[in-house]
Amino acid sequence: MLHDSHGRTFEYLRLSITEICNFSCTYCLPDGYRKKPGPGFLQLDEIARLARAFADLGTWKIRITGGEPSVRRDFTKIIETLSQTPGVRRLATTTNGYRLKEHAQSWRTAGLQAINVSVDSFRPDIFHAVTGHDRLDEVKAGIEACLEADYEAVKVNAVLLKGINDNDLGAFLDFVRHRPVSMRFIELMRTGDNAEYFTRYHVPASVVSDALERDGWVRKTRTPGAGPAVEYIHGDYVGSIGLIAPYAKDFCKSCNRLRVSALGKLHLCLFAELGMDLRPLLQSDDQLDELKFFLGRSMHSKVVSHFLDDGVTGGNHRFADIGG
Ligand code: SAM
Ligand code: SF4
């Protein structure tokens, strides 16, 4: 099992497979994706070796992210490869949902078990203003397709934005009243590129937790391998709520995740300064032991906190690069 010097163990890998995205969310890629010179993104064989090494070291949950993971033509093949890796018991992805309606079933059949779909507003004009795309109906149809395809977990992610969607709480709650969907509210995080935006639009997660508690929502206890969200349930709702509050005291104490970027860099934290290049160790099946040794040793460099409160953003210019 991978563990660090602060008593934390790591069983959850967030793997980015591309930096490319077709959306231009105002807090992430306001000018859209611009191609950068340099090496291409991890290939299928490199992804397979990486997953094998992590799974051998006790990682049982992998989330495929990006950029937009579904822009890759071999996305279904990547799902198949990861889901067939011995030891991987939970395979999830986070997507903007633009290909979901047509692919929900084939991804499920390929082995995808859980899905998070980003929807920052259920009002079409606000959805368009945030993402740059008029595709809310398609994305909603994609969520329904996931429910029909019997995913083990369907979640909707919304980043809280002052004056944009912070008054939409009622609409978000209505969406989960009769659907077995978990609505995740994510507190906007400051990155290297969005400092001004952050100052203008950041909403503390406590605004939502206070409203939920006033409304009778009850906090659930954390399950093993769970992500960073604090979960809430309510007797009148089929669905649930998750709140991701990275600025909360002790957020890093329960950290159980590691990240690998689409370029094959290991990031011990979303806000770590430097990624460690794994790619030279992903070139042949014979390198498995060396890769596992490198991963085990790297854990001791993991720092105790992201120090976001001190304005630290590390090497994270935007989430599309490392994978949110
Ligand atoms: N393209 C996919 C999507 O949007 O779901 C996957 C990648 S995206 C980077 C993953 C998640 O990170 C999304 O839910 C997005 O809203 C969130 N995100 C991006 N930038 C963020 C920021 N600065 N603060 C908080 N969440 C952010
Ligand atoms: Fe693309 Fe996701 Fe970033 Fe939006 S949040 S620009 S969909 S990577």
Side-chain angles (χ1 to χ4, degrees), residues 14-34 41 63-72 75 92-100 107 112 114-121 126-133 135-136 138-139 142-143 146 154-162 164-166 172 182-205 208 227-229 242-248 251 257 259-262 267 270-271 306 308 311-324:
R14 299 180 71 111
L15 172 61
S16 174
I17 58 168
T18 182
E19 292 176 7
I20 300 173
C21 187
N22 56 330
F23 278 21
S24 44
C25 300
T26 46
Y27 48 77
C28 181
L29 282 175
D31 303 319
Y33 171 75
R34 304 259 168 90
F41 304 125
R63 175 173 300 280
I64 315 169
T65 180
E68 173 49 39
S70 67
V71 299
R72 274 188 69 148
F75 185 50
T93 195
T94 304
T95 174
N96 64 26
Y98 90 106
R99 294 181 73 201
L100 201 50
W107 297 342
L112 192 66
I115 196 150
N116 285 35
V117 188
S118 298
V119 182
D120 291 321
S121 176
I126 302 296
F127 182 91
H128 181 258
V130 174
T131 63
H133 283 260
R135 291 184 142 170
L136 178 62
E138 280 166 62
V139 175
I143 298 170
C146 290
V154 179
K155 298 177 185 171
V156 171
N157 287 2
V159 178
L160 291 167
L161 301 167
K162 194 190 293 174
I164 296 182
N165 66 5
D166 56 341
F172 286 125
S182 178
M183 185 69 227
R184 334 294 277 172
F185 295 107
I186 310 174
E187 191 172 352
L188 177 68
M189 288 173 244
R190 190 199 328 244
T191 62
D193 283 4
N194 78 2
E196 254 177 63
Y197 186 97
F198 177 86
T199 310
R200 187 155 169 207
Y201 293 109
H202 176 251
V203 182
V208 175
L243 190 57
I244 301 179
Y247 293 91
F251 179 77
R257 336 177 249 297
R259 293 166 193 271
V260 173
S261 75
H267 291 265
L270 185 50
F271 296 94
H306 52 36
L308 273 183
V312 170
T313 58
N316 186 353
H317 291 286
R318 55 211 185 167
F319 277 41
D321 287 353
I322 301 180

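Start at 1 and go down the list; that is how both ligands and their atoms are numbered.
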Checklist outcome for this item: Numbered in order shown, the ligand 1 atoms found under 4.0 Å of a heavy atom of E187 are 25 (C)
Next on the checklist: Which option wins on minimum heavy-atom distance to atom 17 (C) of ligand 1: V159, T65, T131?
Outcome noted: V159
Item to check | Stepwise side chain to side chain donor-acceptor pair (under 3.5 Å) check, T18 with E68 | outcome: CA-CA 7 Å; T18 182; E68 173 49 39; over 6 Å; no
Checklist outcome for this item: Ignoring waters, protein N/O/S atoms under 2.8 Å from atom 3 (Fe) of ligand 2 are C28 SG
Checklist outcome for this item: Per-atom filter on ligand 1: closer than 4.0 angstrom to a heavy atom of N96 are 2 (C), 3 (C), 5 (O)
Next on the checklist: Using the ring pair (Phe, Tyr, Trp, His ring centres under 6.0 Å) criterion, which residues pair with Y197? Sequence neighbours excluded.
Outcome noted: Y201
Item to check | T95: numbered ligand 1 atoms lying under 4.0 Å from its heavy atoms | outcome: 2 (C), 3 (C), 5 (O)
Item to check | Residue-ligand contact R184/ligand 1, heavy atom below 4.0 Å | outcome: no
Checklist outcome for this item: Closest to atom 10 (C) of ligand 1 by heavy-atom distance, out of N194, T94, I244, is T94
Next on the checklist: Is it the case that the side chains of R259 and S261 hold a donor-acceptor pair, with the cut-off being a distance below 3.5 Å and no angle test?
Outcome noted: no
Item to check | For E68, the ligand 1 atoms whose distance to one of its heavy atoms is below 4.0 Å | outcome: 1 (N), 2 (C)
Item to check | Option with minimal heavy-atom separation from atom 1 (N) of ligand 1, where the choices are C28, S16, C25, G67 | outcome: G67
Checklist entry - To which of M189, R14, K155 does the heavy atom nearest atom 25 (C) of ligand 1 belong? => result M189
Next on the checklist: Are the side chains of V130 and S121 in contact, using a 4.5 Å heavy-atom criterion?
Outcome noted: no
Item to check | Polar atom proximity, N157 to ligand 1 (N or O, under 3.5 Å) | outcome: yes
